[in-house]
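Since this is a predicted model, take the numbers as computed values, not measurements.
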Amino acid sequence: MGFLSVLSFAHKMVQERLSPGDRAVDATVGTGADTLFLAKAVGPRGEVCGFDIQPEALRLAEERLSRAREEGGNALAPSTLLLKSHAAMAEELPPSWHGSVGAVMFNFGYLPSDDADKSVITLPGSSVAALEASLGLLRPGGIVTAVLYPGHPGGELEAEAVMAWASSVPQQTASAILYRQLQRRTAPYVIALEKKKGLDSQI
């Protein structure tokens, strides 16, 4: 049967923790696959916000969401797409979102579109800053997933930085796990963090 792909694994982890009416963030909109997944998962009573620095990404994502709305009616959450870096999410999201988000999804690397400039990639500094901010946005029991791609130029440095950050998160703040194919050094992999429940999880 085989193991789940990294994207399917990330979706499974998020799906198990999100409820209808939740808030969710797609920190790297790309072509909108995760945005649509989150919009379906939280439903029409939920809210989704997405971030990307490329106008092409937001255009592709909006097209994907529009097609889904036409096919599935009103089953999706309202989604706001912002032309902003994921590192700015704590400042861009309303105060009511802080501490109430059920999931934040990251899919690092470059925009997987034929027309996209593959030299525009996510970078270690802003990515780690965004991950740190995402923990503050989560509600207790909420999850952050990060899909990493060490096989492209710059990807390995980013993956190492994210791994180091996740390993340094205190256990009383969040539990961190790794999902990775061990025989291929350049295979994409997932890091996921679940925020601990209780007062000692506040950061």
Side-chain angles (χ1 to χ4, degrees), residues 3-28 34-35 37-38 41-42 46-51 77 82 84-109 122-150 155-182 187-203:
F3 293 115
L4 292 173
S5 70
V6 290
L7 297 176
S8 294
F9 180 82
H11 283 190
K12 183 176 188 296
M13 292 292 99
V14 170
Q15 185 76 59
E16 291 173 350
R17 289 159 179 80
L18 277 183
S19 300
D22 266 343
R23 289 170 168 147
V25 175
D26 184 355
T28 49
D34 288 340
T35 316
F37 163 74
L38 292 170
V42 301
E47 296 177 270
V48 174
C49 190
F51 294 84
L82 300 177
K84 297 280 185 179
S85 168
H86 50 210
M89 70 171 76
E91 294 77 34
E92 293 295 329
L93 290 170
S96 60
W97 281 58
H98 291 237
S100 70
V101 172
V104 182
M105 299 190 74
F106 292 83
N107 195 358
F108 291 116
T122 51
L123 300 171
S126 56
S127 294
V128 168
L131 285 161
E132 185 70 31
S134 69
L135 282 184
L137 294 169
L138 288 185
R139 57 165 167 74
I143 188 170
V144 175
T145 61
V147 181
L148 295 149
Y149 299 88
E156 188 167 8
L157 286 175
E158 180 176 54
E160 289 173 355
V162 172
M163 178 78 83
W165 170 80
S167 300
S168 72
V169 173
Q171 290 185 42
Q172 64 267 29
T173 298
S175 297
I177 65 167
L178 176 67
Y179 181 75
R180 185 173 194 174
Q181 184 178 341
L182 297 177
Y189 59 94
V190 180
I191 291 174
L193 296 94
E194 183 180 50
K195 190 167 183 178
K196 289 292 182 70
K197 298 178 180 180
L199 294 176
D200 62 348
S201 69
Q202 300 305 309
I203 58 173

On a heavy-atom basis, the closest approach of Val101 and Ala24 is CG1-CA, 4.1 Å
Does the pair Val104 and Phe51 meet the rule for a side-chain contact (heavy atoms from CB on, under 4.5 Å), with working shown? CA-CA 11 Å; Val104 182; Phe51 294 84; over 6 Å; no
Could you pull out the closest heavy-atom pair between Ala41 and Leu18, with the gap in Å? CB-CD1, 3.8 Å
Heavy-atom pair of closest approach, residues Ala87 and Ala129: CB-CB, 4.4 Å
Given 3.5 Å as the limit, does a donor-acceptor pair link the side chain of Lys84 with the main chain of Met89, or not? no
Option among Val48, Val25, Asp26 that satisfies the side chain to side chain contact (heavy atoms under 4.5 Å, CB included) test with Asp34: Asp26
Is the closest side-chain heavy-atom distance between Val14 and Phe37 below 4.5 Å? yes
Inter-residue atom distance Phe108.CZ - Ser127.OG, 0.5 Å rounding: 4.0 Å
For Glu91, the side chain to side chain contact (heavy atoms under 4.5 Å, CB included) test, sequence neighbours excluded, returns Ala88
Could you tell me which residues satisfy ring-ring contact (aromatic ring centres under 6.0 Å, His included) with Tyr179, sequence neighbours excluded, listed by chain and number? Phe9
Between the CG atom in Leu4 and the NE2 atom in His11, the distance rounded to the nearest 0.5 Å is 11.5 Å
If you define the side chain from C-beta out and look only at heavy atoms, does anything of His86 sit under 4.5 Å from Thr122? yes
Out of curiosity, Met163 CE to Arg180 CZ, how far, rounded to the nearest 0.5 Å? 5.5 Å
Flag side-chain contact, heavy atom, 4.5 Å: Leu193 against Trp165: yes
Side-chain contact test, heavy atoms from C-beta onward, threshold under 4.5 Å: evaluate it for Ser96 versus Arg23 and give yes or no. yes
Tabulate below the donor-acceptor pairs under 3.5 Å that side-chain atoms of residues 133-149 make, not counting sequence neighbours, or state none.
| residue | atom | partner | partner atom | Å |
| --- | --- | --- | --- | --- |
| Ser134 | OG | Leu131 | O | 2.5 |
| Arg139 | NH2 | Arg17 | O | 2.9 |
| Arg139 | NH2 | Asp22 | OD2 | 2.9 |
| Tyr149 | OH | Asn107 | OD1 | 2.7 |

Mind listing the closest non-hydrogen atom pair of Ala161 and Val128 along with its distance? O-CG2, 3.9 Å
Is there side-chain contact between Glu47 and Trp97, with heavy atoms separated by less than 4.5 Å? yes
